[in-house]
Protein chains: 2
Amino acid sequence: MDSTSPDLLGEFAADRLLLGRSSTVQKVADVLRGRIAAGALRSGTRLSEEALGGALGVSRNTLREAFRVLAHERLVVHEMNRGVFVRSLGPADVADIYVTRRALETAGLRAATGSSRLAAVSEAVAAGESAARDGDWAAVADADLRFHRAIGGLTGSERIDAYLAGLLAELRLAFAVMADPRALHEPFLRRNREIAELLVDGRTGRAEAELIRYLDDAQALIVARMRQHQETE
Amino acid sequence: MDSTSPDLLGEFAADRLLLGRSSTVQKVADVLRGRIAAGALRSGTRLSEEALGGALGVSRNTLREAFRVLAHERLVVHEMNRGVFVRSLGPADVADIYVTRRALETAGLRAATGSSRLAAVSEAVAAGESAARDGDWAAVADADLRFHRAIGGLTGSERIDAYLAGLLAELRLAFAVMADPRALHEPFLRRNREIAELLVDGRTGRAEAELIRYLDDAQALIVARMRQHQETE
DNA sequence: GGCTAGGTTGTTGTTGAACAATTCCACAAG
DNA sequence: CTTGTGGAATTGTTCAACAACAACCTAGCC
């Protein structure tokens, strides 16, 4: 019998990353990342090695390895001899993140012309609108993240995608603090579509101007909410 | 007696990062990072936990924590149940890095107008020329890195600076393979100065065009050398 | 010869316990 | 109200052990 066809093998090769997901350290990091994104672990919370290790059923050494990767992702802060804490974002951090987003996402727009990856952008827009119709605002938030990652993905750069994914994960630290995801994401649904349509029409200059205004507004909204939240505390 | 003046305290607060530099894990990561950048650890070398731990006088657990941070910096590849290896860069990696550099460094140029940080750019150019006059090509390479970090630094973003630093550290993986740093850096000394002067003159559009050509040429040079090196092997 | 099966060896993955170093808290003293 | 001084709790780091896995080697088979 002939061996498995080469192109079929190629498809499986793409799944290797999903398979390699074992390793207790990775799983622990995934769990903590999820808990932080979901807001279950509030900013500033101290992550005790003994308590967390006991709860998750892993040893302190394994947990510390997971802490190292989360610290490098800036989701957690490691203070020498004091422990690790869930990161808390200030307005300066948000400003820094948005400067970086502007740099990376506008690079995507400048690479958009004729890209085959534009489909992913449109798909994310459609998914967001569909979720909004269902009133599923968590799904809207997810689609919004996908939209922006897809814009960065227009560069075709694996690193830019990884950076953007990290930046958006950091921003969830700010989202988690404030309720009402609807007020946060609904106003941007229409603007997502607008930018996507400008892109498929090849009007990338105009799309870039719109995206920059979009990001400025989003940043201002988040900072305003942050200050408001800080007062009511 | 009055308490210490607030502004003086502020200066000390800036030194906190320098103090927290202990931690065996950090020191081990620093050592390995340095060895990799210097080319003492060639690409593909396997880093045995037992051997390295013994040589450095640290435990396997500590070493594994250091491996996690280096892996996140992409200087090292962690293969499950097989160990960690010094990363080896291919032309596709170099292309990816340069796409990202173009995105980040052009963002710096667009933020250059009237920035007080332009001084750091000019300083790096001068340092490079001075080192070239002395024939110290390692110092020229350092100054070149400083130049590009300073360009990204024009954005004022801490994250962009961190990303650029990481990308340039990755590139050293490619530099380490090939000898003759002079041929690699000398042609770009004049172009560094040209870009810096365009910047202080406020001609940022022209500077951006020059920088993009610069990066294209550098990428092509590195890829050419990589292929050449691969053949002679 | 070339290929497959199966055991051997060396390395990594993970755990648990131990001890030193450090921070934090409370409390006493000036 | 600031400055020492304990002691308790937590982190930093090491060590030893074992399971799990990958690479290598050998033997046997067609």
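So that the names make sense, note that chain A is the first sequence line, chain B the second, and so on, each numbered from 1.
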Under-4.0 Å side-chain N/O to phosphate OP1/OP2 contact, [X] with [N]:
X: S23(A); N: dG13(C); value: no
X: R64(A); N: dT11(D); value: no
X: T24(B); N: dT13(D); value: yes

Please state how far atom [atom1] in [X] lies from atom [atom2] in [N], giving the value in whole angstrom units.
X: L52(B); N: dT11(C); atom1: CG; atom2: P; answer: 13 Å
X: L47(B); N: dT12(C); atom1: CG; atom2: P; answer: 10 Å
X: N81(B); N: dA23(D); atom1: CG; atom2: C1'; answer: 12 Å
X: N61(A); N: dC18(D); atom1: CG; atom2: C1'; answer: 15 Å
X: M80(B); N: dA20(D); atom1: CE; atom2: P; answer: 12 Å
X: E50(B); N: dT9(C); atom1: CD; atom2: P; answer: 17 Å
X: E49(B); N: dT11(C); atom1: CD; atom2: P; answer: 11 Å
X: L63(B); N: dT11(C); atom1: CG; atom2: P; answer: 14 Å

is_close_aromatic(Y214(B), H148(B)), centroid dist under 6.0 Å: yes
Heavy-atom side-chain proximity of V69(B) to E73(B) below 4.5 angstrom: yes
Sugar-phosphate only, base, or nothing, as touched by G57(B) at under 4.0 Å among non-hydrogen atoms: sugar-phosphate
Among [options], the one nearest [X] by side-chain distance:
X: R46(A); options: dT13(D), dT11(D), dC15(D); value: dT11(D)
X: S48(B); options: dG16(C), dT12(C), dG12(D); value: dT12(C)
X: V25(B); options: dT13(D), dG16(C), dG12(D); value: dT13(D)
X: R60(A); options: dT12(C), dT15(C), dT13(D); value: dT13(D)
X: H78(B); options: dG13(C), dA23(D), dG16(C); value: dG13(C)

Closest-nucleotide ordering on DNA chain C, the 5'-leading residue of G83(B) and V58(A): G83(B)
Gap between atom CD of Q219(B) and atom CG of L221(B) - 0.5 Å precision: 11.0 Å
Taking every non-hydrogen atom, the tightest pair across A176(A) and I36(A): CB-O, 4.3 Å
Name of the residue among K27(B), R33(B), Q26(B) meeting side chain to side chain donor-acceptor pair (under 3.5 Å) with D30(B): R33(B)
